[in-house]
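Bear in mind that the values here come from a model prediction, so they are computed numbers and not experimental data.
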Amino acid sequence: MTLFHLFIVAVIQGLTEFLPISSSGHLILLPELTGMTDQGQVIDVAVHVGTLGAVVLYFWRDVRAAVIGLGHLATARRDTVEARLALGLIIATIPVILFGLALKLTGLDDSLRSMTVIGWTMLGFGLVLYWADQKGTKQLEAKDWSLRHAIIMGLWQAIALIPGTSRSGITITAARYLGYERHDAARLSMLMSIPTILASGVLLGAEVIASADAEAARNGAIAAAMAFVAALAALALMMRLLRSVSFTPYVIYRVILGVILLIIAYT
């Protein structure tokens, strides 16, 4: 792969992983709309590692609390704030792992990677995000996250395995529907991304380790670094804007892109 190709893939992944506009949908569309070759699983794993590093760095205090919480859970201490956060993240990740395995074993994951599917999910779930964002009562904060809400948001997160849905978009939608303030809805969504990205990275990584060579490793390192920078910038900008701006600009983008993709798909 050329450096330009790596740059495009890394920036798309980095910018769209945490914005509610679907990173997987954009990466699938890239070769279809530009004629570029598919980047392959090695680069997929690499850019996921880059975005994982960005969210861990940005939310380091929360990540540290969750790690401490794992220690509390290991010693049967479930009444601490840290333990509840760690348990919530574990519970919220289970549905997406189970649904992901089901899609892979049945082969449905490949059949969903189409422009038509992405067009409908981009449009439909964008409108759902708008509805939930406007309906949200803005009463709850991240500290109010309960195990019941973790289960609900985890089930919604599993839907994001359908390309074009957006993992961050669907979990933010669920959080806003449950009544979380915009900034804290995004914060919970980003924290949920950590075990989810880690799980998907492990699954993909296991498949590519045997086939990776020196050149692939070099390309992967470059892509990971660029994805890290892009993701950190996008994450910082979104979290800052959410203190004064709604999710409507992202909805408008999703609706426009969804309509364009459907027009292309059906003509």
Side-chain angles (χ1 to χ4, degrees), residues 9 12-13 16-33 37-52 55 88-129 150-175 177 188-212 220 227 254 257-258 261-262 265:
V9 172
I12 289 177
Q13 170 67 22
T16 60
E17 177 64 39
F18 302 120
L19 300 182
I21 56 176
S22 180
S23 60
S24 63
H26 282 78
L27 287 179
I28 291 171
L29 290 173
L30 179 63
E32 289 197 33
L33 297 179
T37 57
D38 188 274
Q39 64 273 6
Q41 287 189 323
V42 172
I43 302 303
D44 278 344
V45 172
V47 293
H48 274 81
V49 170
T51 54
L52 177 62
V55 72
L89 292 175
I90 292 171
I91 290 176
T93 307
I94 293 174
V96 74
I97 292 177
L98 295 178
F99 189 36
L101 288 174
L103 288 178
K104 193 165 189 64
L105 291 174
T106 58
L108 290 175
D109 54 337
D110 289 331
S111 63
L112 293 174
R113 296 168 64 90
S114 72
M115 190 178 299
T116 303
V117 170
I118 295 172
W120 281 116
T121 52
M122 191 72 70
L123 173 62
F125 287 111
L127 294 175
V128 174
L129 171 59
I151 293 171
I152 293 173
M153 290 177 66
L155 291 172
W156 282 58
Q157 180 173 239
I159 302 173
L161 291 176
I162 302 174
T165 301
S166 171
R167 193 215 58 82
S168 62
I170 200 69
T171 49
I172 288 172
T173 298
Y177 174 77
L188 288 173
S189 172
M190 299 308 111
L191 291 177
M192 286 174 62
S193 76
I194 295 173
T196 301
I197 294 174
L198 187 60
S200 65
V202 169
L203 289 175
L204 286 173
E207 296 181 7
V208 303
I209 287 176
S211 60
R254 290 184 64 118
L257 180 58
L261 292 178
L262 290 174

**Message:** Using every non-hydrogen atom in the two residues, find where Pro95 and Gly154 come nearest and quote the distance to one decimal.
**Reply:** CB-O, 3.5 Å

**Leu257 vs His26, side chain to side chain contact (heavy atoms under 4.5 Å, CB included): CA-CA, chis, key distance, verdict** = CA-CA 10 Å; Leu257 180 58; His26 282 78; 3.8 Å; yes

**Residue pair Leu27 / Val9, side-chain heavy-atom distance below 4.5 Å** = yes

**Message:** Do Glu17 and Ile197 make a side-chain contact, defined as non-hydrogen atoms from C-beta onward lying under 4.5 Å apart?
**Reply:** yes

**Request:** Search all heavy atoms of Ala175 against all heavy atoms of Met153 and return the closest pair with its distance.
**Result:** CB-CE, 3.8 Å

**Request:** For Tyr177, check ring-ring contact (aromatic ring centres under 6.0 Å, His included) against everything at least two apart and list the hits.
**Result:** Trp131

**Request:** Report the C-alpha distance between Met115 and Leu33 in whole Å, list the side-chain angles of each, state the deciding distance to 0.1 Å, and finish with yes or no for side chain to side chain contact (heavy atoms under 4.5 Å, CB included).
**Result:** CA-CA 10 Å; Met115 190 178 299; Leu33 297 179; 3.8 Å; yes

**Item:** Sidechain-backbone polar pair: Arg113 side chain, Ile118 backbone, donor-acceptor under 3.5 Å
**Value:** no

**Residues Thr93, Met192; criterion side chain to side chain contact (heavy atoms under 4.5 Å, CB included); working and verdict** = CA-CA 7 Å; Thr93 307; Met192 286 174 62; over 6 Å; no

**Item:** Least distance between heavy atoms, Phe125 atom then Ile159 atom
**Value:** CZ-CG2, 3.7 Å

**Request:** Could you check Arg167, Gln157, His48 and say which one makes a side chain to side chain donor-acceptor pair (under 3.5 Å) with Thr196?
**Result:** Gln157

**Request:** Check the pair Leu89 / Ile194 against side chain to side chain contact (heavy atoms under 4.5 Å, CB included), numbers first and verdict last.
**Result:** CA-CA 9 Å; Leu89 292 175; Ile194 295 173; over 6 Å; no

**Message:** Checking Ser22 now: which residues fulfil side-chain contact (heavy atoms from CB on, under 4.5 Å) with it, not counting sequence neighbours?
**Reply:** Ser24, Met122, Ser166

